[in-house]
Amino acid sequence: MIQYKAPLKDINFLINDVFNFQNHYQHIPGGSDATPEMVDAILGEAARFSEEVLAPLYQSGDEGCVWNNGEVTTPKGFKEAYQQYMEGGWQGMSAPVEYGGQGLPLSLGVIKSEMIGTANWVWGMYPGLSMGAMNTIYMHGTEEQKQTFLLPLTEGRWMGTMCLTEPQCGTDLGQVKTKAEPNGDGSYNLTGTKIFISSGEHDLTDQIVHIVLARLPDAPKGTKGISLFIVPKYHVNADGSLGERNAVSCGSIEEKMGIHGSSTCVMNFDGAKGFLIGPEHKGLMCMFTFMNTARIGTSIQGVGTAELSFQNALPYARDRRSMRSLSGTKSPDQVADALIVHPDVRRMLLTQKAIAEGGRAMLYHAARLADHMMAAHSKGDSAGYEAYDDKLGFLTPILKAFLTELGYEAANHGVQIYGGHGFIKEWGMEQIIRDAQISKLYEGTTGVQALDLLGRKILLGKMKSFNEFRAEMKEFIKTHKNTREMKPLIRQLKRAMFQWRIGTFRIALKAAKNRDMVGAASVDYLMYSGYIIMAFFWARMADAAYSGIKAGKGDTDFYKAKIQTAQFYYDRLLPRAKAHGKMMLKDPKSLMQMKDEHFSF
Ligand SMILES: Cc1cc2nc3c(=O)[nH]c(=O)nc-3n(C[C@H](O)[C@H](O)[C@H](O)COP(=O)(O)OP(=O)(O)OC[C@H]3O[C@@H](n4cnc5c(N)ncnc54)[C@H](O)[C@@H]3O)c2cc1C
């Protein structure tokens, strides 16, 4: 039976020892409410809800959703759990006060979402997507749209979706065909079919607010001709109550490899009434607000996958007995030693641990940037907003793709640690893999994230954010290069950082001569960058742990384990960057020379 215990010790280590969130909260609106007592209470309650209400629904939710004549029933217990979530005011925790939220920092919301998503990712997708709809309306909606839609979404009475994908296109949204005809009264009629729409139909709330990409009649071709619309399932009366049913319906739900408890819907828009959000033909730009939220959300899935698989592999590795340790019997009174004595099992467990904790650190760093970005937005500081948007934009594809790829790897180790039992459904370890596969696909595949990173953020972005991030690393290295215990890590980090710069320049030079270079190098470049960035955060965590030991505060064994995991990361995971670094610089010739028709030989 899959169990979840919120890693509050690690969360507190990051927010207190590594990132000093209390200091950070002094500089952002709403931060003064996030006192240590308040943060403790919120984390404690989120942990309780995730452990006691959501985790027990994880395996049973694998039974899936049921479609019947356009209606979708979610798995047993999902609705009741949602009722508790809504009554707890969780949805509006980090939403603006003027639209019904509590105005607490976004970063606290990320930690809450991490606990929820680790305990039960599938359940968490429903409120998670709704959060994206809320952000899109907040950033681009009119005041009237905010009053009508944002308030009930923030209160959790309604839920939102993201309707981009169509049968002919997912990545290439320039091919979107759904039409929006103006009605002459400020509203539009939308006609078309969207597929793969998560939470498109369900029984958790009566109202569902779809955020839909569609084309106006005079729209230019491609991505420059797409606009964004709000299409509610039920029309909304002037007093905010629900009116007649709108002409949008769920034609069917998909049978999938995993995330069975999440409804993945075919949505038919048959002249459904909708309202434009943001400027005409700028829908994709507005949708990026949603997609960025969703991408950071998906990186949480990577961290959560690694954490859940690790938490459930560890007790098994301690309990199950197999043969004797190579270095001498460890449990002479037992028939055999525990799995955890064997180096290879430890390799897998430590890989899971290093991914989960390293990924969590990367995520919380990004969450702090998001706090600053929203603070600048609320102050009307557009230059500040853009500066933080750029910093976050550089990290987003890495967080999304690197952490989900590694999360999936960690889930594989989880099954492997269970041996044959890992393959058996009852234990739940195989479900973690099935549920994790999608994290590498939706919100832009790993390949597409990699193109975004290398093509848009690095080469077209003139390396600004890349240099800013490296400047932070340099500063850290400078401050710690003479600290005796940090020297071994700092030496390796410095070398990796230097090579990262050279490698990036070499790709840029090669790409100027051969356009296929970007596509050929991109995934290796993303993984290479990910391993180096994670090394930076492991060095920061090791430093904080050494400081904790020196100051004689906290749990020394916890700090020691942190340092040992950092050493493991540098010894056994960071070297992977070298291989990616070599591959990314190879000429694309061996990829491109074979004729398409010769692939089948
Ligand atoms: C369970 C599930 C839930 C989903 N939820 C939603 C949702 O809520 N809302 C929504 O709108 N969509 C949703 N999607 C759709 C999802 O975002 C897309 O499936 C995904 O973006 C990939 O698009 P595609 O399936 O069309 O693949 P394609 O775009 O056809 O890509 C196929 C392969 O080709 C690669 N590829 C494509 N173009 C390029 C290129 N230019 N260069 C290099 N490689 C390329 C891709 O990386 C991929 O490996 C969901 C999908 C699933 C399966």
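As the structure lists them, so they are numbered: ligands from 1, and atoms in each ligand from 1. Heads up: numbering here begins at 1 and tracks the sequence.
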When you measure from atom 29 (O) of ligand 1 to every protein heavy atom, which one gives the shortest distance, and what is it?
T171 OG1, 2.5 Å
When you measure from atom 5 (N) of ligand 1 to the protein, is at least one non-hydrogen atom found at a distance under 4.0 Å?
yes
Under 4.0 Å from atom 39 (C) of ligand 1, do we find at least one protein heavy atom?
no
Is it true that the NZ or CZ of K273 lies under 6.0 Å from the centre of Y188's six-membered ring and within 45 degrees of the ring axis?
no
Can you find a heavy atom in the side chain of V248 that is under 4.5 Å from one in the side chain of D270?
no
Nearest-contact summary for atom 10 (C) of ligand 1 - protein heavy atom, Å:
T165 OG1, 3.3 Å
Run the side-chain contact (heavy atoms from CB on, under 4.5 Å) test on H413 and F310 for me, step by step, so that the C-alpha distance in whole Å, both residues' side-chain angles and the decisive distance to 0.1 Å come before the verdict.
CA-CA 8 Å; H413 290 313; F310 170 63; over 6 Å; no
Filter on salt bridge (Lys or Arg N to Asp or Glu O under 4.0 Å), then keep only pairs touching residues 202-228, sequence neighbours left out; what's left?
none
For ligand 1, is L451 a contact, meaning one of its heavy atoms is under 4.0 Å away?
yes
Tell me whether the NZ or CZ atom of R245 lies within the 45° cone about the ring axis of Y234 and under 6.0 Å from its centre.
yes
Protein heavy atom under 4.0 angstrom of atom 36 (N) of ligand 1, is there one?
no
Between Y82 and H202 (judged by ring centroids, cut-off 6.0 Å), do the two rings come close enough to count as a pair?
no
Under 4.0 Å from atom 2 (C) of ligand 1, do we find at least one protein heavy atom?
yes
Show me which atoms of ligand 1 lie under 4.0 Å from any heavy atom of I438.
1 (C), 2 (C), 52 (C), 53 (C)
For T445, atoms of ligand 1 separated by under 4.0 Å from a heavy atom:
46 (C), 47 (O), 48 (C)
Are there protein heavy-atom neighbours of atom 20 (C) of ligand 1 below 4.0 Å?
yes
What residues, two or more places apart in sequence or in another chain, satisfy salt bridge (Lys or Arg N to Asp or Glu O under 4.0 Å) together with R157?
E155
